Structures are given as structure tokens and as C-alpha cells.
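In what follows, a single structure is set out as C-alpha cells and then discussed.
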2 protein chains.
Amino acid sequence: MKRYEALADEVAASIRAGVLRPGDRLPSVRQTSQGRQVSPSTVFQAYYLLEARGLIRARPKSGYYVTQGPLALPPEVENPSHPSGEAATLDVSERVFEILQSTMQRDVVPLGSAFPSPLLFPLRRLAKSMASSVQVLDPRAFLDDLTPGNAALRRQIALRYRADGIQVSPDEIVVTNGAMEALSLSLLTVSRPGDAVIIESPCFYAALQSIERNGLRAIEVPTHPRDGIELAALERAILAHHPAACWLMTSFQNPLGSRMPDAKKRELVALLAQHGIPLIEDDVYAELYFGDERPAPAKAYDQNGLVMHCGSFSKSLAPGYRVGWVAPGRYFRELARHKLTTSITTSAPAQAALAAYLEHGGYERHLRQLRRTLKEQQEAFVEAVARHFPAGTRATRPTGGYFVWIELDERVDALSLHSEALKHGISIAPGPIFSASRGFRHCIRLNYGHAFDAKVETAVARLGQLVAASLA
Amino acid sequence: MKRYEALADEVAASIRAGVLRPGDRLPSVRQTSQGRQVSPSTVFQAYYLLEARGLIRARPKSGYYVTQGPLALPPEVENPSHPSGEAATLDVSERVFEILQSTMQRDVVPLGSAFPSPLLFPLRRLAKSMASSVQVLDPRAFLDDLTPGNAALRRQIALRYRADGIQVSPDEIVVTNGAMEALSLSLLTVSRPGDAVIIESPCFYAALQSIERNGLRAIEVPTHPRDGIELAALERAILAHHPAACWLMTSFQNPLGSRMPDAKKRELVALLAQHGIPLIEDDVYAELYFGDERPAPAKAYDQNGLVMHCGSFSKSLAPGYRVGWVAPGRYFRELARHKLTTSITTSAPAQAALAAYLEHGGYERHLRQLRRTLKEQQEAFVEAVARHFPAGTRATRPTGGYFVWIELDERVDALSLHSEALKHGISIAPGPIFSASRGFRHCIRLNYGHAFDAKVETAVARLGQLVAASLA
């Protein structure tokens with residue numbers, strides 16, 4: 001964290017704690033500069049940042065004043081979803097791909113993006129790990145590591161499981177081209193065309209696309225914005241549809257941000273075991289928790305090898321390296337074969353670099369910083385939503401990750417809002433792309449994984465205006 | 001090439017040209033050392049290599065003598081295959097995977113391996129390209145390059161197409177996790193479960209596995225060991241089975257080593273265009289030609305965007321990096337979407353390293369050396385087969401790549417031979433794994449992509465003994 005950011009955070013903390021109250025005047029730039037022994041420009045930057053967050057306001061020739069008191073957030077999204085429950089054969093439209101495409105343009109404020117800012121990651125340090133590790137890579141290792149992946153990396157992944165009290169050995173792990181391949185292979189392994197697959201409602205659109213590609217039927221099950229899929233509804237869906245698998249995100253679900261409590265995860269695993277149904281557990285945001293410890297995955301309670309636990313370094317360490325993994329339990333053998341016959345193995349240099357980094361690179365230190373940053377960005381972002389969006393707006397309260405799910409007034413059409421926002425250089429992720437039945441028409445997913453600066457603040461304000469305008 | 005290897009090659013050339021004849025005594029080590037101004041140990045190494053190749057023999061206290069005259073090869077495999085032609089639903093057995101597994105053990109002489117020796121590649125130079133390119137990688141590039149891949153790399157690939165007179169723009173290329181993913185995505189894009197797909201007989205086993213995974217039917221078409229698939233038979237198969245695609249290797253086919261002549265490729269493309277059938281062209285060995293120029297792919301004759309041309313750097317430059325590509329013609333859009341929803345994109349550091357290497361690294365120089373080495377290893381290897389295998393053995397004469405296909409006496413069972421050979425620490429690739437109908441029971445594919453040294457010579461001799469024993 002830079003010096004001015006630290007200073008800004010400190011002031012923000014004083015405001016939130018009520019030590020500084022609305023209307024209070026902040027010490028002048030010169031006073032603060034002298035008192036804190038930092039340069040005036042550092043203080044300016046800090047105040048600028050606080051202004052961008054809406055916590056203070058400059059009055060010309062007078063100084064900076066606190067604008068508001070403790071954290072003001074929009075009301076929380078409270079109710080679980082109510083999908084139809086019918087088995088759906090999907091038709092992922094052109095529109096979904098166009099929306100994804102639009103979020104990748106460099107000149108757009110990427111509130112619709114699926115990715116956090118690449119600036120959050122220790123890419124220089126990783127590049128060093130890569131530079132040194134590829135120089136000493138034994139050429140024969142390319143063959144030794146075929147399919148399951150780099151042995152040192154699998155060992156590091158297994159060690160992280162062990163630290164959480166989960167028994168997964170290196171030999172039970174397949175390294176993949178990111179979690180996306182881990183999920184695709186898992187689905188391929190446990191389903192056959194025509195099968196039903198249970199998903200959350202709303203759910204990660206890539207699950208919908210995978211289900212469509214494989215000729216499967218998506219069964220949407222009600223999901224609570226705080227604690228995830230509703231188990232009673234899940235059981236009814238199992239009895240009605242005899243699914244081949246469940247594909248769920250148990251911690252910091254995309255797009256809701258919901259986190260299943262430990263006890264609920266345990267119940268989930270027991271329920272699935274009772275029916276012999278494999279769980280494809282997409283756990284790519286697990287490292288991005290804001291609380292005291294990493295949430296245990298459902299895999300922690302798996303005694304039957306039915307949980308296929310999919311993880312990734314893309315969201316926590318190395319975007320673009322495309323290194324993820326799956327611990328597929330009893331499906332290891334078949335899944336490894338699908339990997340061999342679809343992409344053979346995962347890029348060796350990327351694996352070696354990550355193995356070296358995990359051994360020596362300060363991953364834990366990086367993660368602590370990353371979590372703190374995301375938590376702060378969430379606060380600033382959601383406060384901005386509260387300030388700029390009309391009454392009737394609700395937001396989720398994720399305790400990790402970098403997405404917030406916003407319920408707008410029911411009259412707002414998120415797809416139209418998306419088109420309008422794009423004209424103003426802002427991308428959003430409209431609700432219908434997260435649903436097989438194209439529900440959630442008045443919902444949007446916003447990404448707070450980028451530094452909350454004046455540009456983002458302005459974009460949130462503009463979005464709020466567009467929402468208000470569509471209600472007028 | 002090392003000095004002793006150059007010296008050995010020179011002597012071998014004299015033997016092949018008949019300048020040195022069987023029974024001739026070679027100059028002594030001392031004479032040669034002085035005459036050529038190389039160390040005695042260099043001459044010893046050269047003579048040792050020649051001895052290993054069976055070209056000379058040491059007589060105690062007398063010196064080295066030429067053992068044989070011009071190149072003696074086994075008779076050529078002459079006849080095209082005769083598969084049943086019936087549509088087959090596949091069942092890739094345990095055995096195939098076990099065989100693949102066995103070829104990957106480090107202590108086995110890898111005559112059954114699908115990979116050339118990793119020592120043939122400029123891995124240090126590549127590591128340098130990677131070290132320098134990842135240090136300057138713009139973090140945002142990870143997002144810019146999503147799915148189709150690194151723009152600089154796609155440009156380099158397009159330049160290589162252009163050098164061959166083929167018009168493929170960077171925007172028509174998708175970078176993939178090796179050719180295997182390119183092929184998988186191509187098949188996924190153009191077929192639906194239940195469709196028929198035409199393959200060569202014998203064919204690359206991964207094609208069989210992909211076809212099985214996707215619930216497709218494999219139609220095997222007769223294929224000539226020199227010039228590839230028989231077009232008349234292909235047309236009959238098209239009319240009988242209305243296939244969704246053809247999946248062919250047009251140059252240095254695996255396992256036969258066959259190369260379709262240019263005119264035949266042109267006819268092939270015209271025939272498929274007439275029936276509107278896409279060609280999945282697996283062209284991963286194109287760079288490994290022994291002649292004067294790279295064979296044009298069928299893609300060169302494609303005027304309808306029906307050819308999905310799949311290439312790779314794994315066999316010519318960077319094993320283990322897992323970087324390949326596909327130029328999918330009219331299927332670009334759909335294929336790119338399948339890539340996005342199965343593995344999102346290809347590892348960024350590997351792509352950046354290859355782009356940097358292709359711009360500055362001396363790829364052409366490396367390729368010239370690689371081709372020369374493989375050609376020499378082929379000669380030495382096939383000569384050894386001629387020396388050590390019983391009469392009745394035939395071999396193909398590939399003009400590129402690193403596989404030779406051996407037809408044994410019809411009484412030999414290649415699967416039993418495989419098991420026997422493994423007991424002696426030698427892997428081979430038995431014929432039946434290259435056939436949906438489990439044909440080619442008396443055939444084997446051998447890999448000459450490793451240095452022809454005493455260990456390989458001994459392995460070939462032992463294999464020859466095992467074949468002879470199985471006939472006794």
C-alpha cells in the first residue's frame with residue numbers, strides 16, 4: 001500500500017469510528033504534512049482519494065470537510081431467488097457473448113468485468129520466479145509431469161489443503177488450464193448428454209455455457225444472497241430430476257457473493273452423498289475472504305470422494321498464467337484421462353513459476369494485502385452505490401470476493417441499462433446472463449476489484465443517474 | 001552439433017557413398033586426431049557412435065573396420081490399409097492408456113513415445129526469451145489477449161503462413177493449449193453426438209479418443225503409407241456416411257509418416273468443398289521435413305473456409321509450453337467461444353516467450369539443425385531395424401517427422417510384443433491403438449526422435465530378438 005493510501009485509510013477509519021464527524025474540518029495539508037512527516041503531495045493525494053470516496057469535500061479557500069458519518073450502505077438483498085425449477089435446455093445467446101466482449105475493452109470502466117484489476121497482483125515478483133525457474137527446468141520434466149502436472153506445484157497445493165485440515169495428497173490433484181478447464185473437465189467426467197445438472201440461481205454464466213455445450217439440462221435452485229443454495233429446495237430438485245451433478249460455488253458465489261456457512265456445507269455434502277450425486281465445487285474466490293480465516297470448502301466434509309474441488313491461482317495470484325487445479329476425488333482417473341485427451345497437460349513454465357513462488361515468494365503476505373484492499377474497495381464502492389442510486393436499490397453484503405449484486409427497482413431493465421451504460425463508457429453485468437431462464441431482469445452484478453478512484457466514483461454516479469432516468 | 005558427431009557423420013557419409021567399403025580399415029585414432037586437429041577423445045567418441053550405429057566394428061589390437069556398405073533398409077511398407085469401413089462406436093480401452101503411461105517412464109527406452117527427445121530443443125534460449133518477456137508484460141495484456149491469444153504471437157504465426165503463400169490474418173487465429181486443444185475444439189465446433197467423422201487408417205489415437213469422448217462414430221478410410229488417405233475410398237465413405245468432418249494429418253502422418261502430395265491435397269480440398277465437409281487438419285509435424293521445403297498444408301488450397309488448420313510449437317520448438325493454434329476458417333467465431341467457455345485463454349507467459357523467441361531467437365537456424373538431426377537419426381535407426389529384425393519386416397520411409405511404422409510378420413502380436421518389450425525396459429506403440437477397429441495387430445510404431453546411441457541400438461537389437469522369438 002502506498003503512503004497516501006495508508007493515510008487516507010487512517011482518516012477514513014476515524015470517520016467511520018465517529019472520531020471525525022460530518023461537518024468537521026480536516027487539518028490543513030500543510031499541518032498534516034508537517035505533523036506526519038510526509039510530503040504535501042502525499043497529503044493531497046490522500047485527501048483526493050477520500051474526496052473520490054465521498055468521505056470528505058473540499059470547500060474553496062476553506063479546506064476539507066467531512067461529508068458524512070458512519071458507513072451508509074444500501075439495504076441488503078434479503079430474499080432467495082425463486083426460479084421456476086423446470087429443467088431448461090439452454091440457449092446462450094449472442095447477447096451474453098457481446099456483453100462479455102464489451103467488458104474487455106480497455107477504455108471502458110469495467111464494472112461488468114469478471115476479473116479484478118491485474119494491478120492487484122505481484123506480477124513482477126512472479127516474473128522473477130518464472131525467470132529463475134525456467135532456467136533450471138529439467139527438459140525431461142516436461143514428460144514426467146504429463147497430465148497431472150508439476151509435482152512441486154501439486155505438493156504446494158496439497159500443503160495448502162493440509163493447512164486447512166483437508167486430506168488431499170499431491171497424487172489426487174490434476175493441474176489444469178485455470179479453474180475453467182477444471183470445471184469443464186469435471187462436468188465432462190460425470191455427465192452424459194441429456195443429463196440434468198443442478199445450479200444456483202443466479203449462477204456463474206460459464207456454468208450455463210458448459211451445460212449448454214454438453215447438451216445437458218440446467219436445473220436452477222433457489223439460492224439465498226447470504227448463505228447460498230436452499231437445501232430443502234435442492235433436495236426436492238434431486239428427487240424430481242435425478243441430476244448427474246451439482247455445480248455450486250460454496251464461498252463468495254459469483255454473482256451473489258453468498259457464502260454457505262460451515263454447517264450448511266456439511267449438510268450439503270451429506271445430502272449429496274445420500275443420493276450419490278457428485279458436487280462440482282467451484283471455489284476460486286476462497287482466498288479472498290475478509291474475515292479471519294479461509295472458509296472451508298464442502299470438500300472438507302467429503303468422505304465419499306464425491307466432491308470435485310476446483311481451485312485457481314487466477315483470482316488470487318497470477319491472472320493470465322492460466323493455472324488452476326481440481327481435486328476430483330473418486331473421479332481422478334477418468335478426469336485425468338479427459339485432460340490427457342483434450343489438452344494433454346498444463347503449460348510447464350507457468351507451473352514451475354507458481355511452484356517456485358509458492359515456496360519462496362511471500363504468498364501469504366500478498367494475500368493479506370489483497371484481502372485488505374478488496375475489503376476497503378468494497379466499502380468505498382457500496383457506499384458510493386448508496387449515495388448515487390435511487391431509493392429502492394438493494395445490495396448484497398459479500399464477506400469476500402470482488403462482486404456486489406444489486407437489486408434495482410423492478411421496473412428497471414438491466415439489459416437496457418447495460419446498453420445505455422456502454423454508451424457512457426461503463427460496462428455492467430446484467431442479471432439475465434446469470435440465469436438459464438433469463439431471470440433477474442432488474443439485477444446487475446458490479447465489480448469492485450479495481451481501485452476506487454474518481455473515475456469509478458463518476459461511473460457509479462452516472463449509473464445511478466441512468467437507473468433513476470429509466471424510472472422517470 | 002558436437003564435434004565428434006560431425007566427424008561421425010562425415011565418416012558415415014563416406015561409407016554410404018561407397019568411398020569406404022565393407023572390410024576397409026579406418027585410419028587409427030592417432031592418425032585421425034593429428035590429421036583433423038581434434039583431440040583423441042573426440043575421435044574415440046565419433047568411432048564409438050559409428051560403432052553404435054553398426055557402421056564400423058572394433059577388432060581388438062587391430063583397429064576399426066567398416067562393417068557394411070551403402071544404406072541397407074528393410075523393404076518398404078507398400079500397401080494401403082484395408083479397414084472395414086463400417087462406422088465404429090469406439091471403446092478406448094484401459095490398455096491404450098496403460099500403454100501411453102508406460103512410454104512416459106524415465107527408465108524405459110522410449111521407442112513407443114509420442115514425443116521427440118526434449119534435448120533437441122533450444123530450451124535455454126527459450127527460457128531467456130521468457131525471462132525477458134514476462135518482466136515487461138503489461139498486466140492489462142492479460143485481458144486484452146483474452147481467448148484469441150497474444151497479438152504478437154498471432155502476428156508471428158500469420159507471418160509464417162504468409163511465407164508459405166497462405167493468406168491467414170492474425171485475427172483468424174486462436175492460440176490454444178497445444179494442438180491437442182486446437183483439435184478438440186475443432187471437433188467440438190463442427191460435430192454433434194451421433195455424427196460420423198472420417199479418420200485415416202491407421203490414425204493418431206488421440207483422434208479416436210476425442211471421437212469417443214464426443215459420442216461420435218469413427219469411419220476408417222484406407223490410407224497409403226506414402227501418400228496418405230485414398231481419395232476414391234474417401235468419396236465412397238462420404239456418400240455412405242455423410243460425415244460431419246474429416247480429421248486428417250496431411251503431412252508426416254502419425255503413425256505412418258505418409259505425406260499427401262500437393263496435387264492430392266488440392267483434390268482433397270476440392271472433394272470436401274463439393275460435399276461441404278469441414279477438414280480438421282492436424283499439421284503438427286509440418287516443420288520437421290527432410291526435403292527442401294515445408295510441405296504446404298491442405299489449408300493452402302482452401303477457398304471456402306472449410307479447413308481448420310491446427311498447428312503447434314510443441315514438436316518443433318517448445319515441448320511442455322503447451323502452445324498451439326488453430327486457423328479455423330469460417331468456424332472462427334464459434335470455436336473462439338468454445339475456447340472461452342472451456343479454458344478461457346492460453347497461458348500468457350508462454351505465449352509472450354514464444355512471440356519474443358520467434359521475433360529474435362533464431363527459429364529457422366534451430367529448425368535446420370533439428371531437421372538434419374532427425375533425418376540422420378532416422379537413417380541410423382532404420383538401418384538398425386534392418387540389421388536386427390527378422391526377414392519379413394517392412395518399414396515406412398517417412399520424409400519427415402520422427403516416427404517409423406513397422407509391419408512385422410503377420411504372426412506377430414504387437415500387443416504381446418509390447419508387454420514383452422516392457423519387461424526389457426523398452427516401450428513400443430503397438431498397432432491396435434491406432435485403429436478404431438483394433439486392426440494392425442502385427443504393426444508397431446517406433447520413435448527415432450531420440451539420439452541414436454548404444455542404448456537405443458541395444459533396444460532395437462533386443463526388440464528384433466523378441467520378434468524372432470515370437471515367430472519361433
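Chain identifiers are assigned alphabetically (A, B, ...) following the order of the sequence lines, protein sequences preceding nucleic acid strands; residue numbering begins at 1 within each chain. Being a predicted model, the structure only gives us computed values, none of them experimental.
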**Prompt:** Quick one: of Val323(A), Leu188(A), Leu119(A), who has the most non-hydrogen atom pairs under 4.5 Å with chain B?
**Reply:** Leu188(A)
**Asked** For the atom pair NE2 (His338(B)) and OG (Ser184(A)), what is the distance rounded to the nearest 0.5 Å?
**Response** 11.5 Å
**Request:** With a 4.5 angstrom heavy-atom cut-off, could you sort out which part of Tyr321(B) is near chain A: side chain, backbone, both or neither?
**Result:** both
**Request:** Determine, step by step, whether Arg322(A) and Thr346(B) satisfy the side-chain contact (heavy atoms from CB on, under 4.5 Å) criterion, reporting the C-alpha distance in whole Å, the side-chain angles of both residues, the deciding distance to 0.1 Å, and the verdict.
**Result:** CA-CA 7 Å; Arg322(A) 305 304 307 142; Thr346(B) 301; 5.9 Å; no
**Prompt:** Relative to chain B, which segment of Leu123(A) carries a heavy atom at a distance below 4.5 Å: side chain, backbone, both, or neither?
**Reply:** side chain
**Residue Leu340(A) versus chain B: region with a heavy atom under 4.5 Å** = both
**Request:** Determine whether Gln135(B) and Lys128(A) make a side-chain contact, defined as any pair of heavy atoms from C-beta on separated by less than 4.5 Å.
**Result:** yes
**Message:** Return the CG to OG1 distance between Leu183(B) and Thr341(A), rounded to the nearest 0.5 Å.
**Reply:** 11.5 Å
**Asked** Does any heavy atom of chain B fall under 4.5 Å from the side chain of Ser347(A), the backbone, both, or neither of them?
**Response** both
**Prompt:** Given Thr342(B), which of Arg213(A), Met180(A), Glu181(A) fulfils the side chain to side chain contact (heavy atoms under 4.5 Å, CB included) condition?
**Reply:** Arg213(A)
**Message:** Among Ala353(B), Pro193(B), Gly324(B), Gly320(B), which residue has the highest count of heavy-atom pairs closer than 4.5 Å to chain A?
**Reply:** Gly320(B)
**Request:** Under 4.5 Å, counting heavy-atom pairs only, tell me which of Ser133(A), Ser343(A), Ala348(A) racks up the most with chain B.
**Result:** Ser343(A)
**Prompt:** More than 12 heavy atoms of other residues, nucleotides or ligands under 6.0 Å from CZ of Arg192(B): is that the case?
**Reply:** yes
